[in-house]
Amino acid sequence: MSGSSSSECAGIIRRLQDKYGEIPWWPGDTDEVLIGAILTQQTRWENVTRALDLLKAGGLCSIPAIFYADTPDIENAIRCTGFYRVKARRLRALATFVMTRYGGTRAMEGVPTHSLREGLLSVPGIGEETADSILCYGFNRASFVIDAYTHRICRCRGIPEERGHLKAVFEEVLPREPGAYRQTHAHIVEYAKEFCGKKRCSKCILMSSDG
DNA sequence: GACCAGGTCCTTG
DNA sequence: CAAGGACATGGT
């Protein structure tokens, strides 16, 4: 792996840890994480929590409930997350995959990570980021999430942005523990939301020397 | 009104 | 394969 990228990423990880410490992130049971992972696509998390509350109020915040629900009921609950028709379809596709292949998320816990990932990626509407979010936050697997914020931070540090490269580098540098993966990803999002615009970063604590 | 948000898929060149 | 567009609501 690129030694340069590795040391840069290691530096980013360490400085973010120093800045933020332990922060809670993406709470909820497994089913709720799967649903949230779809809803948060290209959408602010605050809008997602509102939709999750509406789903809960309607008894629709679980994979079986989504599987058996009427599509219009799902659409109404998730409208505030945008792309609501597409997302309702994706939720149905995910629920269908889980229920028909495993009978529920509980039965997926013993399935090997690479096998789970492959299955998730076969579901229409689930790409690499969503799959990794589900694996890392929903199933406690060491699969690092590369999102738009990760790209921004790495761009600002001159690290090659290709997704597979970034995923490999972070997974090489971090201890192979889901908790460490979750924490680092949470740090990246917190930092980037505040300091990294789409075009340029306003401030960069990641810039300091040593590395 | 313009621009953006923790993506993914489909169509074009 | 790269680039562009569609999907849609809500906040700044």
Side-chain angles (χ1 to χ4, degrees), chain A residues 9 12-13 16 19-20 23-28 30 32-55 66 71-97 117-139 141 143-156 159-167 170-171 174 178 180-202 206:
Chain A
C9 287
I12 289 172
I13 291 165
L16 290 176
K19 178 174 177 58
Y20 294 107
I23 57 179
W25 225 64
W26 210 321
T30 297
E32 186 174 337
V33 170
L34 303 215
I35 292 166
I38 298 286
L39 296 183
T40 198
Q41 290 173 350
Q42 193 65 26
T43 303
R44 292 181 156 80
W45 183 255
E46 298 74 58
N47 295 334
V48 174
T49 60
R50 275 190 278 155
L52 288 173
D53 286 343
L54 288 173
L55 287 171
I66 293 290
T71 299
D73 291 338
I74 300 174
E75 290 180 347
N76 287 332
I78 70 174
R79 184 163 281 122
C80 64
T81 68
F83 304 139
Y84 64 90
R85 273 181 294 222
V86 169
K87 286 177 179 175
R89 196 184 330 121
R90 292 177 180 177
L91 286 174
R92 298 299 300 261
L94 174 57
T96 298
F97 166 77
R117 190 170 197 273
E118 201 175 324
L120 288 168
L121 289 175
S122 76
V123 177
I126 295 186
E128 296 205 40
E129 178 180 338
T130 305
D132 287 332
S133 292
I134 288 172
L135 290 170
C136 193
Y137 291 96
F139 291 105
R141 309 301 176 94
S143 197
F144 195 77
V145 179
I146 303 296
D147 59 17
Y149 290 145
T150 319
H151 281 100
R152 285 187 197 177
I153 284 186
C154 290
R155 178 183 322 162
C156 134
I159 300 167
E161 281 185 70
E162 192 275 317
R163 156 172 235 111
H165 172 71
L166 290 184
K167 184 169 164 66
F170 276 97
E171 293 189 351
L174 283 166
Y181 283 34
R182 284 195 291 271
Q183 186 171 192
T184 292
H185 177 233
H187 288 162
I188 286 172
V189 173
E190 278 310 297
Y191 180 83
K193 274 201 294 199
E194 192 171 356
F195 300 117
C196 294
K198 198 165 188 179
K199 308 250 350 189
R200 56 184 348 125
C201 299
S202 61
L206 308 174

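Any value given below was found using the heavy atoms of this structure, including those in side chains, with hydrogens, waters and symmetry copies removed. Throughout, a chain's letter reflects where its sequence line sits, starting with A, and its residues are numbered from 1.
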A:H151 versus A:I146, closest heavy-atom pair with distance: CE1-CG2, 3.5 Å
Most 5' of A:A131 and A:R152 on DNA chain B, judged by nearest nucleotide: A:R152
N/O (side chain, A:Q41) to phosphate O (OP1/OP2, B:dG7) under 4.0 Å: no
Selected nucleotide, minimal atom distance to A:T130 side chain, candidates C:dT9, B:dG7, B:dA5: B:dG7
Smallest separation among heavy atoms of A:E194 and A:Y20, with atom names: OE1-OH, 4.1 Å
Closest listed nucleotide, where the reference is the side chain of A:C80 and the choices are B:dG6, C:dT9, B:dA5: C:dT9
Parallel, tilted or perpendicular: rings of A:H185 and A:F144 (30°, 60°): perpendicular
Nucleotide B:dG6, atom P - distance to CD of A:E129 in whole Å: 10 Å
Test: A:E128 and A:R117 ion pair at under 4.0 Å: yes
For A:R152, side chain to side chain donor-acceptor pair (under 3.5 Å) partners two or more places apart: none
Value in whole Å for how far the C1' atom of B:dG6 lies from CD of A:E194: 16 Å
Donor on one side chain, acceptor on other, A:R44 and A:N47, under 3.5 Å: no
Near-strand residues of residues 82-95 of chain A, defined as heavy-atom separation under 4.0 angstrom from DNA chain C: A:G82, A:F83, A:Y84, A:R85, A:V86
Spacing of A:L120 atom CG relative to B:dC9 atom P, expressed in whole Å: 12 Å
Distance below 4.0 Å between A:T43 side-chain N/O and B:dG7 OP1 or OP2: no
Touch class at under 4.0 angstrom, heavy-atom based, for A:T81 against every strand present: nothing
Span that lies between the P atom of C:dA6 and that of B:dG6, in whole angstrom: 22 Å
Dot-bracket encoding per residue of DNA chain C, Watson-Crick/G-U cut-off under 3.5 Å, | denoting interstrand: |||||||.||||
d(CG, A:L54; C1', C:dT9) in whole Å: 13 Å
Nearest-nucleotide 5' precedence on DNA chain C, A:R50 against A:Q42: A:Q42
Sugar-phosphate, base or nothing in reach of A:R44, heavy atoms under 4.0 Å: base
Candidate pair A:R182 and A:W25, rule side-chain contact (heavy atoms from CB on, under 4.5 Å), full reasoning: CA-CA 8 Å; A:R182 284 195 291 271; A:W25 225 64; over 6 Å; no
Spacing of A:I188 atom CD1 relative to B:dG6 atom C1', expressed in whole Å: 11 Å
Pair A:K167 + A:D132, salt bridge at N-O below 4.0 Å: yes
Sugar-phosphate, base or nothing in reach of A:E46, heavy atoms under 4.0 Å: nothing
Within-4.5 Å side-chain heavy-atom neighbours: A:K193 and A:V189: yes
Between B:dC4 (C1') and A:K193 (NZ): distance, integer Å: 14 Å
Touch class at under 4.0 angstrom, heavy-atom based, for A:I126 against every strand present: sugar-phosphate
Atom-pair distance (CD1 on A:I38; P on B:dG6), nearest Å: 16 Å
A:H151 NE2 to B:dG7 C1', straight-line distance once rounded to whole Å: 12 Å
Check: A:T184 side chain, A:A180 main-chain N or O, donor-acceptor pair, under 3.5 Å: yes
